[in-house]
Amino acid sequence: MKIRPRRLFTGDFKIPGDKSITHRAILFNGIASGEAVVTDALLGADCLSSVACMRALGAQIEVEGSSIRVRGAERLRAADCDCGNSGTTMRLLMGLVAGVGVEARLTGDASLSRRPMERVAAPLRLLGADIATTAGHAPVAVRPARLHGCTVDTHVASAQVKSALILAALGAEGETTVREPLLSRDHTERMLAAMGADIRADGCTVTVRRSALRAADVAVPADISSAAYFMALGALCGETLCRGVGVNPTRTGILTVFDRMGVDYALENERTVCGEPVADIRVRKSALRPLTLGGAVMPTLIDELPVIAALCAYADGESVITGAEELRVKESDRIRTTAAMLTALGGDVTERPDGFVIRGGGKLRGGRIDACADHRIAMSGAVALAASEAGGEILGAECVDISFPGFFTMLDP
Ligand code: S3P
């Protein structure tokens, strides 16, 4: 994919639906009683993996335009589930399938099969789940077992791990308490409460009791992790408005970054939709200050770090990002692939075990980058290239379909 340099980038964008919320709406309604319609759903490849897996397990699901109609199965059936590239599908299904008490074998593509699965399997075993990973990875086999509530500390701030435990707890006897070290995204807690689950959240602690779910319609907000690319282009090259973006406080770390870097932005038309805060986000071209980032904010911007790193390459001075070791186990090793992407464009980046040092100043030169089969590297690279002197090209750019079908058309209609 060729990306031309842009002196000025302006526009009003309808960004696709939130990936995390779409996955949850499909999976949770798939085990609920009744029928639900999920509107403005993301139909990226990852969410379609959740659709395919829930169909294999017995839920009835129809995709109609950007809506998904889900009728839950009264009893799920044993199935082989191909989770594709989707970590959220595999990890949430581990808990869901264990909680329902059905047999399943979960597989994924080459990237997903390299990602750690014991972080989910090990705490699920504390509830009594019978789960086998393949040397810590997929394929994962889940067999029926009686689950009992207990208190579990997750050792990583991961909404996927937390959500798997909560889903298993819905089918466990007694009460389960899940504590995480830092607060991760809380879409699961919000949606399950709306579906009638007995669930309470208090800071980094969630308490769940065995519950049956009622189907609930979900209107999916635009994904702030996808909007981030167009927000960054506004900050670098002009002015952008992204409408109807989910601004759940467990997801808005990029706005904290904007505050620190001196980005001129505003939230407009703030409202609540299906229990999730939503707003239009306007961003204007700004002189960027270097960034120091680390600590509790990291889970709230974890997927935005590649594009935040691209912004740092255009800031006036040295930025230091720490506490980002989770990037090593995403769709690619995003510390390595982000550093390689910016370096290929003329940036000055040093990798750290848990982050980066990025020396910014002036524009990047441009050039050719490899997406490394990682959608967020492809889109962050597109932003860095659009703002560069000469533009350039992205190899393997088609992987954007994982989370943002139509990204390149929106970038350059
Ligand atoms: C997600 C949680 C995050 C995030 C991923 C989606 C979710 O992963 O990176 O894109 O929907 O729960 P971790 O749970 O591994 O932090």
Side-chain angles (χ1 to χ4, degrees), residues 16-28 41-42 44-47 49-50 53 83-96 108 111-112 114-124 137-138 154-167 178 180-192 204 206 218 220-221 223-229 246 248 250-254 276 296-308 323-335 337-338 354 374-377 379-380 399-400 402-404:
D18 188 276
K19 183 155 81 74
S20 293
I21 295 175
T22 303
H23 277 300
R24 286 160 173 76
I26 297 163
L27 297 172
F28 303 172
L42 172 65
D46 266 12
C47 296
S49 292
S50 282
C53 290
C83 304
N85 190 246
S86 177
T88 308
T89 306
M90 182 170 286
R91 295 195 175 122
L92 269 59
L93 272 184
M94 288 167 71
L96 179 148
S111 152
L112 183 53
R114 282 193 294 269
R115 299 179 63 189
M117 293 300 148
E118 275 299 321
R119 56 172 54 197
V120 189
L124 282 173
H137 301 274
T154 68
H155 298 296
V156 53
S158 159
Q160 294 176 356
V161 175
K162 172 174 65 175
S163 301
L165 287 162
I166 292 171
L167 288 168
V178 182
E180 51 179 353
L182 299 171
L183 183 61
S184 66
R185 63 192 68 188
D186 66 357
H187 307 299
T188 294
E189 296 89 309
R190 289 174 188 248
M191 198 180 293
L192 289 178
C204 296
V206 185
V218 179
V220 182
D223 196 325
I224 192 167
S225 300
S226 298
Y229 306 107
N248 178 316
T250 62
R251 296 287 300 281
T252 50
I254 190 164
E276 290 279 351
V297 74
M298 300 312 278
T300 71
L301 47 66
I302 193 72
D303 292 335
E304 289 69 84
L305 282 167
V307 73
I308 290 170
E325 59 277 1
E326 273 297 297
L327 292 186
R328 297 265 181 215
V329 292
K330 294 293 178 189
E331 287 83 329
S332 67
D333 172 347
R334 286 188 182 151
I335 295 185
T337 52
T338 300
D354 68 338
D374 185 331
H375 53 130
R376 302 212 190 272
I377 298 300
M379 292 185 278
S380 303
C399 60
V400 302
I402 289 290
S403 64
F404 200 151

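Counting convention: from 1, in listed order, for ligands and their atoms alike.
Within the 4.0 Å heavy-atom criterion, the part of R24 lying near ligand 1 is the side chain and not the backbone. Residue contacts with ligand 1, taken as heavy atom pairs separated by less than 4.0 Å, do not involve H187 at all.
Residue contacts with ligand 1: R185 is placed with no nitrogen or oxygen under 3.5 Å of a nitrogen or oxygen of the ligand (distance criterion only). For ligand 1, the polar-atom distance check finds an N/O of A159 within less than 3.5 Å of one of the ligand's N/O atoms. For ligand 1, the polar-atom distance check against S20 finds a nitrogen or oxygen pair separated by under 3.5 Å.
Side chain of D186 to main chain of E189: no donor-acceptor pair is present (N/O by atom type, distance under 3.5 Å, no hydrogens or angles). At least one donor-acceptor pair under 3.5 Å links the side chain of S111 to the backbone N or O of E331. Remark: side-chain polar atoms of D374 are paired, donor with acceptor, to backbone N or O of S332 under 3.5 angstrom.
In terms of protein heavy atoms, atom 14 (O) of ligand 1 is closest to S158 OG, 2.6 Å. Nearest protein neighbour of atom 3 (C) of ligand 1, counting heavy atoms only, is K330 NZ, 3.9 Å. Looking at atom 1 (C) of ligand 1, its nearest protein heavy atom turns out to be Q160 NE2, 3.5 Å. From the protein, the heavy atom lying nearest to atom 4 (C) of ligand 1 is D303 OD2, 3.3 Å.
In this view, S163 and R24, L92, T188 satisfy the side chain to side chain contact (heavy atoms under 4.5 Å, CB included) rule, not counting sequence neighbours. Among residues two or more places apart in sequence or in another chain, the side chain to side chain contact (heavy atoms under 4.5 Å, CB included) test is passed with A324 by M298, L305, I321, L327.
Heavy-atom minimum distance, R185 versus S20: NH1-OG, 2.8 Å.
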Review point. Could you go step by step and tell me if R115 and R91 meet the side chain to side chain contact (heavy atoms under 4.5 Å, CB included) rule?
Key: CA-CA 11 Å; R115 299 179 63 189; R91 295 195 175 122; 3.7 Å; yes
